[in-house]
Chemist: 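Here it is, the structure in full.
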Amino acid sequence: MTLHLLDTLSGETRPFEPLDPTNVRVYSCGPTVYGPAHVGNFRSFLFADLLVRYLRYRGFPVTWVMNITDVDDKIIRGALADGTGIAEVAERYTTRFLADAATLRMTVPDVLPRATAHIDEMAALIEALLARGHAYRTDDGSIFFRIASWPAYGRLAHLDPAEMRIGERVEADEYAKDDVRDFALWKGPRDGEPPWETAVGPGRPGWHIECSAMSMRYLGTSFDVHTGGVDLVFPHHEDEMAQSEAATGDPFVRTWLHCAHLQMGGEKMAKSTGNIARVGDVVAEGVSPRALRYALIAAHYRMGLSFGPDSLHAAASAVERLDAVWAALGGYPSDAADDAALDAVLETARRGFEDGLDDDLNVSPALAAVFDLVRELNRRIAARILSTADAGRARDVLADLDRVLALLPDEDALEPELAALVEARAAARGRREWAESDRLRAELLDRGIAVEDTRDGQRWRRTEARHG
RNA sequence: GGCGACGUACCCAAGUGGCCCAAGGGGGAGGUCUGCAAAACCUCUAUUCAGCGGUUCGAAUCCGCUCGUCGCCUCCA
């Protein structure tokens, strides 16, 4: 099988065929940096991460672009509120975003363009739209996209423009649009708002134009995949597609991918309702970053996913299970001969993993294949039928699959002080001084090192998370 | 009001016509191993897939209706 993806626009699941096999181009709608992103936002970023990782695992070179929206109403409001500039606010939360992303082991995008650094590209796009008759100016210097000029409008969201409820709260009164459904490409200058002097006049960009300008700047007028949360389908991506195609005449995106919302307490996680959890807070509560990553990627991206203490606990246990085999395989002394059946076990796991992900990135069966492998490996370790070389090969396969999952523990050496405690504990146990060895074991656990005894002596692994 | 998704064990969650008397993870019960603990392994925990009809040799999977949950139509990942 090959990778198949379900495209929002066509509604079809199709084999993935890159426009250019030597450079798969992926664009993901990134954060608007007016505050810390919450874990719901990260679900969508990590789903894109999973896609990019899997494309690379499958051998495709990928260029991944994720924008940073660093100018918009909320940032302006936030800057006003705490008396700093919008650049400061944007910088603060961009830094925070990148730190959280790193915590969650998100692949660093190849390009992280900032909107404010691409104003000229936006202006050029708007000029093209004006020239082609798809946009018009209003008295205050704003420029709008004329939906009536674009018959394809509504195709992505599968909405009929005529049936759309006209937003009562839209800025219809603030800006004099020809049609309330028309959307802003450019907002004329206003007091208290940062103005840019551009070819289309002074003002600031509308939201949608940012993504069109930045994606096409780095990926061309047509590219392979565009990702985002379902809430972006309309109006953001609908508008983006309309303005991009109206400006260039080229089909904008080959495959649109949208992930479902993260649910917490039965409803979607959203800043507007305050129903949120943040990466920093969750980690501060003692959840390991890898467990959090697991909790956010372990379900198919188009399915609603519930988030909460239960899901985090299950995720933490699952990750520990991975850690346990990983550690067991690492410290596996054996004089057994090679296990003739191991290759088949490894191959079955790899096939199950790939078959799952090939099916529109369905991680559930992929993870099932991994855990089936884990059990097979544990059985063999317990039965001592693996050779040391076998253990190494099994580890290599796990590590290879982990290029996609990114859940395995870091391979770092133990700090000297802790290493000394581990040795002391082994020595005490060797002398059958149970009280002392138990004390050292407890102390090590307290410092994040779990020590376990096996027939071949003790072994240790990091635990990361506290347990309550 | 329009559009759409979903409803599988105690919880999360695969499976979308026969390999399903239904993966995987978590939780629970019992057992093995062990100085103890932990990990691991073994057994058990859905004759059943929201409910009711229908199509079919055959349905969790297709069709219809009913009930329920969630989302989009407005800033939003």
Side-chain angles (χ1 to χ4, degrees), chain A residues 11 28-32 34 37-48 72-74 154 157-171 181 207 227-236 238 258-263 266-273 294-295 298-325 327-328 352 356 359 362-372 374-375 377-383 429 432-435 437-438 441-442 445 450-455 458-459 461 463:
Chain A
S28 298
C29 275
T32 297
Y34 68 96
H38 53 72
V39 295
N41 297 318
F42 275 103
R43 182 196 189 185
S44 115
F45 304 146
L46 289 180
F47 127 73
D72 93 315
D73 297 0
K74 287 174 185 143
H158 304 289
L159 287 172
D160 178 355
E163 295 287 318
M164 278 166 49
R165 276 192 164 184
I166 307 306
E168 302 82 2
R169 306 190 276 121
V170 182
E171 293 185 280
R181 294 166 313 192
W207 176 33
T227 76
V230 271
D231 50 357
L232 294 187
V233 174
F234 194 91
H236 185 52
E238 187 72 55
H258 292 98
C259 79
H261 288 301
L262 189 65
Q263 310 274 135
E267 14 176 72
K268 86 164 181 174
M269 187 173 289
K271 260 178 246 188
S272 56
T273 56
Y294 185 99
H300 183 84
Y301 72 89
R302 279 189 286 102
M303 292 298 152
L305 172 61
S306 35
F307 179 86
D310 290 352
S311 75
L312 286 171
H313 177 265
S317 297
V319 168
E320 278 195 40
R321 189 163 162 72
L322 256 20
D323 287 1
V325 247
D359 182 16
N362 194 349
V363 280
S364 291
L367 286 169
V370 170
F371 284 106
D372 280 340
V374 168
R375 190 186 320 103
L377 258 18
N378 278 326
R379 269 183 198 150
R380 287 170 159 74
I381 291 166
R429 188 158 183 275
R432 304 182 70 79
E433 290 171 8
W434 308 130
S437 78
D438 288 354
R441 183 171 61 196
L445 184 61
V451 177
E452 293 157 2
D453 296 314
T454 73
R455 277 183 293 186
Q458 69 179 25
R459 68 170 175 242
R461 60 187 168 87
T463 55

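Chain letters run A, B, ... following the sequence lines, proteins first and then strands; every chain starts at 1.
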Chemist: With a non-hydrogen cut-off below 4.0 angstrom, is Ser28(A) in contact with a base, only sugar-phosphate, or nothing?
Modeler: nothing
Chemist: Base, sugar-phosphate, or nothing for Gly304(A), non-hydrogen atoms under 4.0 angstrom?
Modeler: sugar-phosphate
Chemist: Would you mind pulling out the nucleotide paired to rG1(B), Watson-Crick or G-U wobble, both distances under 3.5 Å?
Modeler: rC73(B)
Chemist: Can you tell me how far C1' of rU34(B) sits from CG of Asp438(A), to the nearest Å?
Modeler: 12 Å
Chemist: Rounding to an integer number of angstrom, what distance separates rC65(B) and rC70(B) when you compare their P atoms?
Modeler: 22 Å
Chemist: Leu305(A) has an atom CG; how far is it from atom C1' of rG26(B), in whole Å?
Modeler: 14 Å
Chemist: Should Arg375(A) be listed as having a side-chain N or O under 4.0 Å from OP1 or OP2 of rG24(B)?
Modeler: yes
Chemist: How many whole angstroms separate atom CZ of Arg321(A) from atom C1' of rC41(B)?
Modeler: 10 Å
Chemist: In this structure, how many angstroms lie between the C1' atom of rA77(B) and the NZ atom of Lys268(A), rounded?
Modeler: 9 Å
Chemist: Would you call Asp453(A)-Arg459(A) a salt bridge at under 4.0 Å N-O?
Modeler: no
Chemist: Answer yes or no for this row: Phe42(A) ring on rA77(B) base, centroids under 5.5 Å, planes under 30°.
Modeler: no
Chemist: Rounding to an integer number of Å, can you tell me how far His300(A) NE2 sits from rA5(B) P?
Modeler: 13 Å
Chemist: Could you work out which one of rG27(B), rC42(B), rA77(B) sits closest to the side chain of Ser44(A)?
Modeler: rA77(B)
Chemist: For a quick check, tell me whether the side chain of Asp231(A) and the base of rG71(B) share a donor-acceptor pair closer than 3.5 Å.
Modeler: no
Chemist: Taking only residues two or more places apart in sequence, or in another chain, which ones meet Arg302(A) in a salt bridge (charged side-chain N to carboxylate O under 4.0 Å, His left out)?
Modeler: Asp360(A)
Chemist: Tell me whether the rings of Tyr294(A) and Phe371(A) are parallel (<30°), tilted (30 to 60°) or perpendicular (>60°).
Modeler: perpendicular
Chemist: Starting at CD of Glu238(A) and ending at P of rC75(B), how long is that distance when rounded to a whole Å?
Modeler: 13 Å
Chemist: Taking only side-chain N and O atoms of Ser437(A), does any of them lie within less than 4.0 angstrom of OP1 or OP2 on rG35(B)?
Modeler: no
Chemist: Provide the Watson-Crick or G-U wobble partner of rU34(B), both distances under 3.5 Å; none if there is no partner.
Modeler: none
Chemist: Report yes or no: is there a donor-acceptor pair, N or O only, under 3.5 Å between the side chain of Arg379(A) and the base of rC42(B)?
Modeler: no
Chemist: Determine the contact category for Ala318(A): base if any of its heavy atoms lies under 4.0 Å from a base atom, sugar-phosphate if only primed atoms, P, OP1 or OP2 are that close, otherwise nothing.
Modeler: sugar-phosphate
Chemist: With a non-hydrogen cut-off below 4.0 angstrom, is Ala260(A) in contact with a base, only sugar-phosphate, or nothing?
Modeler: base
Chemist: Assign Arg302(A) to base, sugar-phosphate, or nothing according to its heavy-atom contacts below 4.0 angstrom with the strands shown.
Modeler: nothing
Chemist: Scan every strand shown for a Watson-Crick or G-U wobble partner of rA23(B), both distances under 3.5 Å, and answer none if you come up empty.
Modeler: none
Chemist: Suppose we define a pair by two distances each less than 3.5 Å, Watson-Crick or G-U wobble; what does rG53(B) pair with here?
Modeler: rC63(B)
Chemist: Distance check: side-chain N/O of Asn362(A) vs OP1/OP2 of rG15(B), anything under 4.0 Å?
Modeler: yes
Chemist: Could you tell me which nucleotide pairs with rC6(B) by Watson-Crick or G-U wobble geometry, both distances under 3.5 Å, or answer none if nothing does?
Modeler: rG68(B)
Chemist: Hey, which sits more toward the 5' end of RNA chain B by its nearest nucleotide, Glu452(A) or Leu367(A)?
Modeler: Leu367(A)
Chemist: For Leu159(A) and rU74(B), give me the distance from atom CG to atom C1', rounded to whole Å.
Modeler: 12 Å
Chemist: Check if the side chain of Arg43(A) and the base of rA77(B) share a donor-acceptor pair of N or O atoms closer than 3.5 Å.
Modeler: no
Chemist: For Ser311(A), report the nucleic acid contact type (base, sugar-phosphate, nothing); a contact means any heavy atom under 4.0 Å.
Modeler: nothing
Chemist: Heavy atoms only, 4.0 Å cut-off, all strands: where does Met303(A) land among base, sugar-phosphate and nothing?
Modeler: sugar-phosphate
Chemist: Just name whichever nucleotide pairs with rC44(B), Watson-Crick or G-U, keeping both distances under 3.5 Å, else none.
Modeler: rG28(B)
Chemist: Answer yes or no: side-chain N or O of Asp453(A) and base N or O of rC36(B) forming a donor-acceptor pair under 3.5 Å.
Modeler: yes
Chemist: Taking the minimum atom-to-atom distance to the side chain of Asp372(A), which one of rA23(B), rC11(B), rG35(B) wins?
Modeler: rA23(B)
Chemist: How long is the line joining CZ of Phe234(A) and P of rA77(B), in whole Å?
Modeler: 17 Å
